[in-house]
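Here's the structure we're looking at; comments come further down.
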Amino acid sequence: MRPAPDAAALQVRAATADDLPAIAALHTGARAAYHRARFPDAPFDVVAERARRHDAWLRDLARGDTPALCAARHGTVVGAASYRHRADHHRPAVTLHQLHVDPGHWGTGVGRALHGACLRAWRAAGFSRAVLDVLWHNHRARAFYTRLGWRPDPDRRPAPDATHLTLTLDLATPPAAPAPGAPAPAAPDPAGR
């Protein structure tokens, strides 16, 4: 059963090494949930997968160029995001590297709050464009990003057998108004730490 959204109880802040076990667990659970829709019999929420997510987030938290955020509700980490500067000399951009929410908190404003914190940091850092790759078959994520203004990147059309779709967001466009009842967390510092 999904908890009722409590905007006042949701805090978005810089992620720390202490958050690593919770972030790895929620990322593993989120991946398992969206992959199960396509591969119902595959075991995605297993110890080896949790170890891979742990190692990936450990690398992100250690990188100086990858700010990481987490969303906590009543002190429990329920979402995480990280981003990087995209090395593209023609159109500099920031890449949303990760954004995951514990499936038990889907639809409660956690993803939107993390996304909003990222947008504020990106605009404060002077970025004019953001990009991300989303799994083609992850229709829930694709719908989420579409609602937030992301569009297929015209410069990166997917191949016919592509597993990912590249989306882009114009950061010069004013941000959309928050959904009714959506939390408005404090902006993290632009460095994300």
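Quick note: residue numbers are just sequence positions, from 1.
- The heavy-atom pair separating Y83 from A121 by the smallest distance is OH-CB, 3.3 Å.
- With rounding to the nearest 0.5 Å, the separation of SG in C70 from CD1 in I23 is 5.0 Å.
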Between S82 and R63, does a side-chain hydrogen bond (donor to acceptor under 3.5 Å, both in side chains) hold up when you go through it step by step? CA-CA 11 Å; S82 68; R63 289 178 64 138; over 6 Å; no
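- Annotation: side chain of R73 is in contact with side chain of T108 (closest heavy-atom distance under 4.5 Å).
- Here H100 contributes atom NE2 and L26 contributes atom CG; the two are 8.5 Å apart, rounded to the nearest 0.5 Å.
- Taken from CG in L132 to SG in C118, the straight-line distance is 10.5 Å, to the nearest 0.5 Å.
- In terms of heavy-atom proximity, L61 sits nearest to A68 at CD2-CB, 3.6 Å.
- Listed by first and then second residue, the salt bridge (Lys or Arg N to Asp or Glu O under 4.0 Å) pairs involving residues 93-105 amount to none (not counting sequence neighbours).
- Listed here is the closest heavy atom pair of S128 and D170: O-OD1, 3.5 Å.
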Can you list the steps and then say if R13 with V77 is a side chain to side chain contact (heavy atoms under 4.5 Å, CB included)? CA-CA 10 Å; R13 59 175 172 74; V77 175; 4.0 Å; yes
Residue pair Q98, L114: steps toward the side chain to side chain contact (heavy atoms under 4.5 Å, CB included) verdict: CA-CA 11 Å; Q98 305 279 356; L114 282 165; over 6 Å; no
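- Qualifying side-chain hydrogen bond (donor to acceptor under 3.5 Å, both in side chains) partners for T16, counting only residues two or more places apart in sequence or in other chains: D19.
- In plain terms, the two heavy atoms of A141 and V134 that are nearest each other are CB-CG2, 3.8 Å.
- Listed here is the closest heavy atom pair of A80 and W57: CB-CH2, 3.8 Å.
- Separation of atoms CG (L135) and NE2 (H137) is listed at 5.0 Å; rounding is to 0.5 Å.
- Scanning for ring-ring contact (aromatic ring centres under 6.0 Å, His included) contacts around Y145 gives W150, with sequence neighbours left out.
- Residues passing the side-chain contact (heavy atoms from CB on, under 4.5 Å) test with H139, sequence neighbours excluded: R142.
- If you take CH2 on W136 and OG1 on T163, they are separated by 10.5 Å, rounding to the nearest 0.5 Å.
- Pairing each heavy atom of T168 with each of D153, the nearest pair is CG2-CA, 3.9 Å.
- With R151 contributing its side chain and L167 its backbone, the two residues share no donor-acceptor pair below 3.5 Å.
- Once rounded to the nearest 0.5 Å, the distance linking NE2 of H115 with CG of L69 reads 12.0 Å.
- Using modelled atom types, no side-chain atom of R84 and backbone atom of D65 make a donor-acceptor pair closer than 3.5 Å.
- Residues L119 and L169 have side chains in contact (heavy-atom distance under 4.5 Å, counting atoms from C-beta outward).
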